[in-house]
Amino acid sequence: MTNEQLAARIIELLGGKENILTMENCMTRIRTNIQDPAKVDLAGLKATKGVLGVVADEPTYIQVVLGPGKVREIMEICTRQMGIREQKPGQGQAPGQRIGDWQANKAAVKSRQKHTELIKQVRVLADIFTPMIPAFIASGICNGLGKLLKIMMDNGTLPDGMVMLVIYNVIVLIGNAFLSYLAIFTGVRSAKQFGVNEMLGGMIGAASLNSVVDTISKTLGWYNADVVNNSILATGAGGIIGVVLGVWILAQIDKWVHKWMPEVLDVSFSPVISMLIAMPAFVLVVMPITGWISNGLSAFLNLFLNSTNPIVSAITGYVLAATFLPLVLLGLHRGLIPFYTLQLESLGGITLFPAVAMAGAGQVGAAIALYIKAKRVHNDRLNQVIAGALPAGILGIGEPLIYGVTLPMMKPFITAGLGAGFGGAYVMLKGVMSTAFSPSGILAATHVMPEHVLNYVIGILISYAAGAVITYFAIPDEDVASV
């Protein structure tokens with residue numbers, strides 16, 4: 001089946017173009033909001049060749065798992081050739097599980113989870129930031145590469161002539177192009193989620209970066225020239241958290257204005273009035289409050305994530321890595337993205353991500369132990385499943401191992417986390433820092449800061465070993481033979 005045929009088939013089984021309210025993709029799946037769930041053929045979707053899995057944990061919110069790379073190609077076909085709109089503003093172990101059938105297992109697990117308000121709000125945040133992940137990765141890798149080139153030019157390993165300087169600066173430009181204006185992109189994405197004009201959302205983000213904010217702060221006597229971070233109001237205060245909240249307020253105001261504005265005046269006056277009300281509220285209220293919250297939250301996180309006490313660092317890293325797989329299972333892991341960006345803004349790098357990235361490595365170790373045991377007890381089917389899923393797990397794509405191996409057996413799901421904690425403790429103790437997040441696994445070494453790559457790889461190896469050892473001794477042979 002060609003990609004064009006697969007895209008057409010997915011649209012058909014989702015009930016046709018008119019039944020799809022919104023459609024966009026993340027790294028591995030297409031996410032859709034559906035108008036009438038009765039028109040969706042979930043069984044047909046799951047049986048479609050090329051579809052790795054279907055998650056329908058809410059009747060009107062369906063995720064079609066296609067895998068990295070392929071998902072983008074299918075999405076482009078849907079949006080450009082078939083007229084599906086990418087996103088409409090304003091939309092935002094158990095019985096029956098079997099080893100190996102990870103797509104079906106995943107759907108079954110997700111279907112039994114209740115979506116609390118917390119999880120729904122986390123999903124809104126995730127939907128804002130998920131499409132920006134490729135830019136995070138590109139800018140992060142280029143920032144890391146730029147640092148490496150600078151080190152090599154400074155120590156004479158590379159020439160610092162005109163050609164090399166141009167190459168270096170182009171790479172630095174790529175690294176800075178996204179992160180320097182992250183607030184603007186956040187404003188645009190937030191507007192898309194909250195149902196207001198995206199350019200107005202971008203204006204909120206851009207305003208937070210404008211030096212006029214400092215002028216207003218000085219006029220009000222809120223500016224601390226000696227310690228800018230102690231100012232009540234300053235350029236960039238509140239970061240992306242403030243921008244998201246500011247755009248949400250803009251959306252509420254904009255809806256109210258549109259409701260009362262005569263149609264003949266709507267196009268010209270509604271945007272102006274909305275901004276005249278929303279911008280002062282954003283600058284004078286939202287930015288100071290979220291700035292104070294961001295500084296406090298950053299300071300609190302740094303007590304653990306950047307502690308100079310080795311015991312605190314090790315415990316923090318262990319807990320983060322050991323508990324990350326359950327967060328993935330509950331869908332809460334995407335809620336960490338604002339914390340990643342908060343660290344990126346305040347520290348220029350992320351210590352949180354390298355620690356939680358060890359979770360997948362612990363699972364790889366657990367799978368290796370299960371493979372050895374399965375071979376001993378002649379469970380060829382389990383061996384085949386692990387052999388097929390293990391390469392993806394090493395590269396940082398853990399879903400086949402989670403839903404096909406460790407979760408159905410349950411105990412290995414726990415031992416994998418316990419083993420991952422040791423790798424998390426090590427990388428946190430060594431202060432390993434990345435310039436981006438996602439994917440994890442060995443691929444994450446590409447956006448770990450050059451001076452930290454070795455310690456990151458050592459952390460992965462520790463997680464492999466600990467996950468394998470704990471699983472090997474904790475899971476009896478009879479459990480492996482009976483699955």
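Quick note: residue numbers are just sequence positions, from 1.
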Can you check whether [Y]'s main-chain N or O pairs, donor with acceptor, with [X]'s side chain at less than 3.5 Å?
X	Y	value
Asp266	Pro262	no
Ser307	Val312	no
Ser270	Val267	no
Thr351	Gly431	no
Gln343	Gly348	no
Ser180	Ala177	no
Asn169	Leu165	yes
Ser313	Pro310	no
Ser217	Leu233	yes

Give the minimum heavy-atom separation between [X] and [Y], together with the two atoms involved.
X	Y	value
Pro280	Met275	CD-O, 3.8 Å
Ala366	Ala416	CB-CB, 3.9 Å
Val54	Leu42	CG1-CD2, 3.9 Å
Gly201	Leu250	N-CD2, 4.1 Å
Gly423	Ser463	CA-OG, 3.2 Å
Tyr456	Ala357	OH-CB, 3.7 Å

Does a side-chain heavy-atom distance below 4.5 Å link [X] with [Y]?
X	Y	answer
Met428	Leu305	yes
Arg189	Val247	no
Ile10	Leu66	yes
Tyr340	Leu352	yes
Leu182	Met132	yes
Val283	Ile216	yes
Val228	Tyr223	yes
Leu418	Tyr318	yes

Can you tell me how far [atom2] of [Y] sits from [atom1] of [X], rounded to the nearest 0.5 angstrom?
X	Y	atom1	atom2	result
Asn33	Ile20	CG	CD1	10.5 Å
His447	Ser139	NE2	OG	10.5 Å
Ile350	Met449	CD1	CE	8.5 Å
Leu148	Met153	CG	CE	10.0 Å
Lys147	Tyr168	NZ	OH	8.5 Å
Leu401	Leu325	CG	CG	10.0 Å

Take Phe269 and Val257, measure what side-chain contact (heavy atoms from CB on, under 4.5 Å) needs, and give me the verdict at the end.
-> CA-CA 9 Å; Phe269 288 95; Val257 171; over 6 Å; no
Identify which one of Ile34, Ile30, Asn19 satisfies the side chain to side chain contact (heavy atoms under 4.5 Å, CB included) criterion when paired with Leu14.
->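 Of the listed options, the one satisfying the test is Ile34.
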Please step through side-chain contact (heavy atoms from CB on, under 4.5 Å) for the pair Val65 and Val51, ending with a clear verdict.
-> CA-CA 6 Å; Val65 184; Val51 174; 5.9 Å; no
Could you tell me whether the side chains of Ser231 and Asn224 share a donor-acceptor contact shorter than 3.5 Å?
->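 Looking only at side-chain atoms, Asn224 and Ser231 do not form any donor-acceptor pair under 3.5 Å.
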Do Gln63 and Thr32 meet the criterion of a side-chain donor-acceptor pair at a distance under 3.5 Å?
->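 No, no side-chain donor-acceptor pair sits under 3.5 Å.
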Determine, stepwise, if the pair Val244 / Phe194 fulfils side-chain contact (heavy atoms from CB on, under 4.5 Å).
-> CA-CA 9 Å; Val244 171; Phe194 298 140; 4.0 Å; yes
Is any side-chain N of the basic residue among Asp214 and Lys218 closer than 4.0 Å to the acidic one's carboxylate O?
->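 A salt bridge is absent here (no side-chain N lies under 4.0 Å from a carboxylate O).
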Just wondering, are more than 12 heavy atoms of other shown residues or ligands nearer than 6.0 Å to CD1 in Ile311?
->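 No.
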Chi angles and distances behind the side-chain contact (heavy atoms from CB on, under 4.5 Å) call for Ser208, Phe282 | CA-CA 9 Å; Ser208 71; Phe282 173 62; 3.9 Å; yes
side-chain hydrogen bond (donor to acceptor under 3.5 Å, both in side chains) contacts in which one or both residues fall within residues 242-251, not counting sequence neighbours =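 Residue pairs passing side-chain hydrogen bond (donor to acceptor under 3.5 Å, both in side chains), neighbours aside: none found.
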